[in-house]
Amino acid sequence: QVQLVESGGALVQPGGSLRLSCVASGSISKFYTMGWYRQAPGKQRELVARFTSPVSTVYADSLKGRFTISRDNAKNTMYLQMNSLKPEDTAVYYCNAQEFQFPRSYDYWGQGTQVTVSS
């Protein structure tokens, strides 16, 4: 059973930065995609950024240039660097990974980490 554990969420002032981490219980090389999603109060969960291949990424259009997704396979860890944070970035941030084991795909989620941007 795969476990994903996020950390790094905090209360930060507008304009500040945070780095979120997602540690997997095993090798992340087996996942055909990994990514970050977020859910603000009263809103649907939305994509922040994800890997579409081990080296290719896709970002939500509104977040390009401020957020950067990265990974360290040796540490089984994925990161999200968030800069120039805005109050509208306040949300619970979730780590997601998908694995294919014939004949089906498996979808894993972490428990989430709270990011609050406020003065």
Side-chain angles (χ1 to χ4, degrees):
Q1 181 69 20
V2 172
Q3 289 187 323
L4 303 174
V5 179
E6 303 99 331
S7 63
L11 170 63
V12 63
Q13 292 187 341
S17 297
L18 281 175
R19 188 176 81 157
L20 306 183
S21 299
C22 171
V23 180
S25 56
S27 172
I28 63 174
S29 300
K30 63 184 177 183
F31 301 129
Y32 66 86
T33 184
M34 289 188 75
W36 290 96
Y37 291 75
R38 69 184 184 183
Q39 187 165 19
K43 295 188 177 181
Q44 289 189 330
R45 192 172 295 188
E46 63 177 2
L47 173 70
V48 174
R50 67 182 177 92
F51 286 94
T52 54
S53 78
V55 296
S56 299
T57 57
V58 62
Y59 291 85
D61 287 342
S62 62
L63 302 177
K64 287 180 182 177
R66 294 196 298 124
F67 289 16
T68 303
I69 190 172
S70 62
R71 59 197 286 170
D72 185 336
N73 287 0
K75 296 182 178 179
N76 297 328
T77 302
M78 179 177 64
Y79 303 98
L80 182 69
Q81 178 67 43
M82 305 186 294
N83 298 327
S84 302
L85 283 162
K86 304 175 181 180
E88 52 263 42
D89 295 318
T90 295
V92 178
Y93 285 71
Y94 296 92
C95 173
N96 171 259
Q98 296 178 10
E99 177 185 12
F100 181 75
Q101 293 184 19
F102 184 86
R104 56 164 289 189
S105 180
Y106 292 83
D107 200 19
Y108 306 108
W109 292 91
Q111 82 289 348
T113 186
Q114 177 70 48
V115 172
T116 303
V117 185
S118 176
S119 55

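This chain uses plain numbering: 1 for the first residue, then up along the sequence. Remember, it's a predicted structure, so these values are computed and weren't measured experimentally.
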Given side chain to side chain donor-acceptor pair (under 3.5 Å), test E99 with Y106 step by step and report yes or no.
CA-CA 5 Å; E99 177 185 12; Y106 292 83; over 6 Å; no
Distance col, row E6:CD vs Q114:CD, nearest 0.5 angstrom, shows 12.0 Å
- request: Answer yes if L20 and Y37 sit in the same cluster of Ile, Leu, Val, Met, Phe, Trp and Tyr residues linked by side chain heavy atoms under 4.5 Å apart, and no otherwise.
  value: no
Exercise. For the pair T90 (side chain) and V117 (backbone), establish whether a donor and an acceptor sit closer than 3.5 Å, ignoring hydrogens and angles.
Key: yes
| query | Above 12 or not: heavy atoms from other molecules or residues under 6.0 Å from NZ of K30? | reply | yes
dist Q44:CD -> Q39:CD (nearest 0.5 Å) comes out at 8.0 Å
Exercise for review: Say whether, by atom type as modelled, one donor and one acceptor occur between the side chain of S84 and the main chain of G15 under 3.5 angstrom.
Suggested key: no
Nearest heavy-atom contact between S119 and P14 is N-CD, 3.7 Å
Does some side-chain heavy atom of M78 sit less than 4.5 Å from a side-chain heavy atom of F31?
-> no
Residue pairs meeting disulfide bond (SG atoms under 2.5 Å apart), one or both in residues 6-45, sequence neighbours left out, come to C22-C95
Here the pair of heavy atoms bringing R38 nearest to F67 is NH1-CE2, 4.1 Å
Note: A24 and I28 closest approach over all heavy atoms is CB-CG2, 3.6 Å
Distance col, row S17:OG vs R66:CZ, nearest 0.5 angstrom, shows 10.0 Å
### Query
If you group Ile, Leu, Val, Met, Phe, Trp and Tyr by side-chain heavy-atom gaps below 4.5 Å, do W36 and Y108 land in one group?
yes
Exercise. Look at the side-chain heavy atoms of Ile, Leu, Val, Met, Phe, Trp and Tyr, link any pair under 4.5 Å apart, and say whether V2 and F51 land in one connected group.
Key: yes
One should read off an interatomic distance between Q98 CD and T33 OG1, to the nearest 0.5 angstrom, of 5.5 Å
Linked, directly or transitively: Y94 and V48 (ILVMFWY side chains, under 4.5 Å): no
On a heavy-atom basis, the closest approach of T77 and K75 is OG1-O, 2.7 Å
Within the side chain of Q111, is there an N or O that forms a donor-acceptor pair under 3.5 Å with the backbone of V5?
no
Shared ILVMFWY cluster between V23 and V115, side chains joined below 4.5 angstrom?
no
Taken to the nearest 0.5 Å, the spacing of N76 CG from S25 OG works out to 8.5 Å
| request: Would you confirm whether Y59, through its side chain, and I69, through its main-chain N or O, come within 3.5 Å as a donor-acceptor pair? | output: yes
Taken to the nearest 0.5 Å, the spacing of S21 OG from Q81 CD works out to 9.5 Å
